Amino acid sequence: MKKEKLLHEGKAKKIYATADDDYCIVEYKDTATAFDGLKKEDLESKGILNNAITTIFFKLLEEEGIPTHFVEQLNERDMLVKRLEIIPVEVVVRNIAAGSLAKRLGLEEGVPLSKTVLELSLKNDELHDPMLNQYHVYALELANPQELARMEELALRINSFLVDYLMSRDIVLVDFKLEFGRYKDEIILGDEISPDTCRFWDAASSEKMDKDRFRRDMGEVMEAYQEVLKRLQQ
Ligand code: TMP
Ligand code: ASP
């Protein structure tokens with residue numbers, strides 16, 4: 001299948017229609033953004049690495065019985081996916097305090113959370129992705145209770161699987177963000193799972209192997225993404 005009309009251009013990906021309405025093509029760009037696009041830079045090959053990393057994760061999740069939009073990797077930058085109606089609710093799963101949670105609750109980064117934390121936020125850059133609870137989700141009719149329950153169940157299952165899998169590759173899964181969508185009356189996982197959308201720390205040194213290196217000007221961003229891919233391919 002090949003790319004037809006450009007349907008949407010996001011900060012890190014472009015979405016193209018295909019001849020079949022049930023499918024679209026995701027093109028992973030090299031653009032890296034942070035702070036709702038305030039900080040922006042091209043990182044050479046980021047798109048290639050995120051496409052490869054997301055492909056590995058989505059294949060593994062499918063094998064685990066988790067429904068995803070992934071169909072196949074078409075080439076270095078393009079992925080064929082099911083065309084979802086995206087639910088504009090970002091689901092963040094956290095195992096260890098970091099980033100905005102550490103800041104908001106005054107916790108030191110790296111403190112393990114005694115129970116997995118699940119957060120919801122509205123996918124809206126202009127409003128800076130404000131946090132939502134279930135009442136907001138229903139009041140704004142973003143998803144119904146059955147859909148939200150399914151999203152949360154899948155998010156926790158994905159977390160359980162990925163924590164163990166990544167630990168076997170000497171990577172700690174600190175936290176990550178998921179997006180879900182509707183496809184033929186089913187809720188399935190969309191978007192990507194990559195160092196852009198997860199916090200990965202080296203198990204031995206706690207060194208950051210994700211987009212925090214870009215957000216915090218730590219350098220060696222693509223080297224870290226490359227190392228994640230290398231460990232997943234081992
Ligand atoms: P946070 O600590 O900044 O709220 O981020 C939590 C997780 O969500 C982290 O793994 C990075 C990811 N994330 C995104 O994928 N997109 C975003 O826009 C933000 C703010 C975070
Ligand atoms: N995705 C957000 C942005 O592009 C921020 C982030 O990931 O930190 O601005």
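Both ligands and their constituent atoms are indexed starting at 1 by order of listing. No experiment lies behind these values; they were computed from the predicted model shown.
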In the protein, which heavy atom is nearest to atom 3 (O) of ligand 1, and how far is it? Arg199 NH2, 3.7 Å
What atoms of ligand 1 come closer than 4.0 angstrom to any heavy atom of Arg215? 11 (C)
Please say which of Tyr183, Phe58, Tyr23 ends up in a ring-ring contact (aromatic ring centres under 6.0 Å, His included) with His69. Phe58
Considering non-hydrogen atoms of the protein only, which is the closest contact for atom 1 (P) of ligand 1, and what is the distance? Ser100 OG, 3.3 Å
State whether any protein heavy atom lies less than 4.0 Å from atom 19 (C) of ligand 1. no
Which residue and atom name correspond to the protein heavy atom nearest atom 10 (O) of ligand 1, and how close is it? Asp175 OD1, 2.6 Å
Salt bridge check: are Glu62 and Lys59 linked by an N-O gap of less than 4.0 Å? no
Does the protein put any heavy atom within less than 4.0 Å of atom 6 (C) of ligand 1? yes
Under the side-chain hydrogen bond (donor to acceptor under 3.5 Å, both in side chains) test against Lys11, which residue among Asp125, Asp36, Thr33 passes? Asp125
When you check the gap from the basic side-chain N to the acidic O, do Lys3 and Glu27 get nearer than 4.0 Å? yes
Salt-bridge test for Arg94 and Glu119: reply yes if a basic N is under 4.0 Å from a carboxylate O, no otherwise. yes
Within 45° of the axis and under 6.0 Å from the centre of the six-membered ring of Tyr225, does NZ or CZ of Lys46 qualify? no
No-hydrogen, no-angle side-chain donor-acceptor test under 3.5 Å, Asn95 and Asn159: yes
Charged N to carboxylate O under 4.0 angstrom, Lys29 versus Asp42? no
Looking only at protein heavy atoms, which one is nearest to atom 13 (N) of ligand 1, and what is the separation? Lys177 CB, 4.0 Å
Salt bridge present between Asp212 and Arg199 (N-O < 4.0 angstrom): yes
Asp202/Arg231 salt bridge by N-O under 4.0 Å criterion: yes
So Val228 and Asp210, do their side chains get closer than 4.5 Å, heavy atoms only? no
Below 4.0 angstrom, N of the basic side chain to O of the carboxylate: do Glu179 and Lys177 qualify? yes
Short version for Cys198: what comes under 4.0 Å of ligand 1, heavy atoms counted, is backbone
Could you list which atoms of ligand 1 come closer than 4.0 Å to a heavy atom of Gly99? 2 (O)
Which pairs of nitrogen or oxygen atoms, taken one from ligand 2 and one from the protein, are under 3.5 angstrom apart?
from: ligand 2; atom 1: 4 (O); to: Thr33; atom 2: OG1; distance (Å): 2.1
from: ligand 2; atom 1: 7 (O); to: Lys211; atom 2: NZ; distance (Å): 3.0
from: ligand 2; atom 1: 7 (O); to: Arg215; atom 2: NH2; distance (Å): 3.0
from: ligand 2; atom 1: 8 (O); to: Arg215; atom 2: NE; distance (Å): 2.6
from: ligand 2; atom 1: 8 (O); to: Arg215; atom 2: NH2; distance (Å): 3.3
from: ligand 2; atom 1: 9 (O); to: Ala34; atom 2: O; distance (Å): 3.4
from: ligand 2; atom 1: 9 (O); to: Phe35; atom 2: N; distance (Å): 3.3
from: ligand 2; atom 1: 9 (O); to: Asp36; atom 2: N; distance (Å): 2.4
from: ligand 2; atom 1: 9 (O); to: Gly37; atom 2: N; distance (Å): 2.7

Distance under 4.0 Å to a non-hydrogen atom of Phe176: what atoms of ligand 1 satisfy this? 10 (O)
Heavy atom of Arg94, distance to ligand 1 below 4.0 Å: yes
Polar-atom distance check: Glu90 versus ligand 1, any N or O pair below 3.5 Å? no
